[in-house]
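Quick note: numbers below take in every heavy atom, side chains included, and nothing from hydrogens, waters or symmetry partners. These numbers were taken from a predicted model, which means no experiment stands behind them. In what follows, residues are counted from 1 in the order of the sequence shown.
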Amino acid sequence: MKFPYGISNFEKIIRQNYYYCDRTDRIPMLENAGDYLLFIRPRRFGKSLLLSMLRNYYDAARKDRFDTLFGHLAIAKNPTPLRNRYLILQWDFSCVDPTGTESDIRRALHNHVNACIYNFYKEYKTFLEKEPIDPDDAVTSLKHLLGAVREAGYPLYLLIDEYDNFANEVMMSIRHERDAYRALVHEDGPVKTLFKAVKSASGEGGIDRIFITGVSPVVMSDITSGFNIATNIYLKSAYNDLCGFTETETEEILKSVAADCGLNEPEIGQALTLMRTYYNGYTFSHRTEERVYNPTMALYFLQMVQEDCRFPRRMLDANLATDEAKLAYVAQIPLGRQMLLEITREREMITVTDIADRFGIQEMLNESSRDYAFLASLLYYFGVLTLAGERDDGKLELRVPNLVMRGLYIDRIQRMLLPEPGERDKGKKAAEILYRKGDMGPLVDFIENRYFQVFHNPDYKWANELTIKTAFLTLLYNDILYIVDSERETGRGYADLTMIIRPDMRRFNIFDVLIEFKYIKLGDAGVTGEQARQLTREELTTIPVMITQMKNAREQAGRYGDELEKKYHDLRLRRYAVVALGFERIWWEEISGETQ
């Protein structure tokens, strides 16, 4: 089986016999949804391939290829009357250079649209006469093209891919480039003017249908008065798996790869569990419970397994790591830093009244507008949060979809708290001593002497007891060797932090780890910060409230550890109880395998 990793050309996939997850059965539904559609999904989620499929289906110039391209797919059983009836004009705004001044970006936008118009004339030279292209004004070029299309008597289908890409890139960049974005979308700006021309050309103006994809609705908000005809379909349950693989589809492909590699049933089960843990979890409508896999992540894993008949060493596809820039944007907002810390917990939910379906540059840049709901909606569109369901009070719950995205969060938090690379390296080395030798001492020393200094910074005044666990998690997280979970369910409760060695990594000489945390406020212990720092270890362990909480931590670590041992059987489990006194001192103990 050939996997089309990184390939979004539908014709190439079909002709060269790559794997294609058939979504052609949705074509009638899309036609009935409206003439002008807006569909939003996170990066690398198959949007470009969807557009390529639509282009091949509707393109009048490819009518003679229909049987070759679609004959074996679902739509061939009952094609719609609109099949191969359109001339297709396509723009891909990811090709627009977002750097420079407003004038530079304006020029890049006009150049791209003009280049697409030029290619349009080449594609359809047997259908229509070529009209002049205005090198300084793509809107004028578009008007000429529409005149030629009307003269030829064919309807036009406009496909716009990543319509918001250059805008998102500009907004994540330096301040003067953000000012450039404002200029792009003001009343006479090139983006707004272009979309006003598209709106004017809809229907009898020559453009019969429009399909737009993007990552967020930010541009749509800023150009509402210029383009207010699009139907948003991205939150509707019928389109939840329009892009992405379902659990059933993923399992079928995996079994095929496993058969070629000679993997046995337990190994297939391990592979599916890994994929489910790291890649599954996306839901794009609160009216469905079905979760879908990010197709790029899934194809990355499947291709690696097919090539080596082994699971990939790194579960994070490097092509998705660029999303870290969006987390960096959130991390520079005080409320965003708090949210990042909160949602590292496995079971932590973000609750909002609703997902914002429109927000513009003012919200992106104005601190008074960047409230909790705004940040949650933004992270939802970026794919680092997903819908988890509805509460009994009607609010929506959002959560981190999978371990790949949780890893991006944790990496961003580590960089936020420890900006110096050398400091991060020291922390990671201390963490390695824990899971290689079972010694937590160096890790605790690092957290006391380095992380606790950070939490005394006024910028982190919102730090709380959860921050202790997050500090450990950011240093211990290692998706090459471990499945790292915060709040892992153990049967009768939730273990604070577990590091279970990946099935394919159990050949290494490392330990499984379980840690239970307790946090005591300085006031509850009857000491000041200065007094706490002066305490010897012996004095620290004689404070009554510390003794009580250490007893509780020991009992939980013992009980949860016993349940994990029964569940997994082959663990090399080391269990630890950790009690923090404010952001000053830590008392830790390793406990035995018997419930205390």
Can the positive tip of [X] be found less than 6.0 Å from the middle of the six-membered ring of [Y], inside 45° of the ring normal?
| X | Y | result |
| --- | --- | --- |
| R502 | F311 | no |
| K199 | F227 | no |
| R41 | F284 | yes |

is_close_aromatic([X], [Y]), centroid dist under 6.0 Å:
| X | Y | result |
| --- | --- | --- |
| Y239 | F39 | no |
| F10 | F70 | yes |
| Y157 | Y86 | yes |

Between [X] and [Y], does any side-chain N to carboxylate O distance fall below 4.0 Å?
| X | Y | value |
| --- | --- | --- |
| E11 | R65 | yes |
| R276 | E247 | yes |
| R23 | E249 | yes |

Looking at [X], I'd like to know if its [atom1] atom is crowded, meaning that more than 12 non-hydrogen atoms belonging to other residues, nucleotides or ligands lie closer than 6.0 Å.
| X | atom1 | value |
| --- | --- | --- |
| Y154 | OH | no |
| E289 | CD | no |
| Q16 | CD | yes |

- Message: I'd like to check L128 versus E151 (side-chain heavy atoms, cut-off strictly below 4.5 Å). Are they in contact?
- Response: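 L128 does not reach E151 side chain to side chain.
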- Can you tell if the side chain of Y20 reaches within under 4.5 Å of the side chain of I14, non-hydrogen atoms only?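 Heavy-atom side-chain distance check passes, below 4.5 Å.
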- Query: Taking the six-membered ring for Trp, are Y124 and F127 parallel (under 30°), tilted (30 to 60°) or perpendicular (over 60°)?
  - Reply: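 Ring orientation, 0 to 90° scale: perpendicular.
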Just list the side-chain donor-acceptor pairs under 3.5 Å for residues 27-35, sequence neighbours left out, or say none.
| from | atom 1 | to | atom 2 | distance (Å) |
| --- | --- | --- | --- | --- |
| E31 | OE2 | Y58 | OH | 2.6 |
| E31 | OE2 | T80 | OG1 | 2.7 |
| N32 | ND2 | P28 | O | 3.2 |
| D35 | OD1 | R209 | NH1 | 3.0 |

- Between the main-chain N or O of G244 and the side-chain N or O of D241, is there a donor-acceptor pair closer than 3.5 Å?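 No, the answer is negative, given that no donor and acceptor are paired below the 3.5 Å cut-off.
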Identify each donor-acceptor pair in which a side-chain atom of residues 379-388 lies under 3.5 Å from a protein atom, sequence neighbours left out, and give them as a table.
| from | atom 1 | to | atom 2 | distance (Å) |
| --- | --- | --- | --- | --- |
| Y381 | OH | A356 | O | 2.6 |
| T386 | OG1 | T283 | N | 2.8 |
| T386 | OG1 | T283 | O | 2.9 |

- With respect to S141, which candidate in N114, D136, D134 satisfies the side-chain hydrogen bond (donor to acceptor under 3.5 Å, both in side chains) definition?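 Only match with S141 under side-chain hydrogen bond (donor to acceptor under 3.5 Å, both in side chains): N114.
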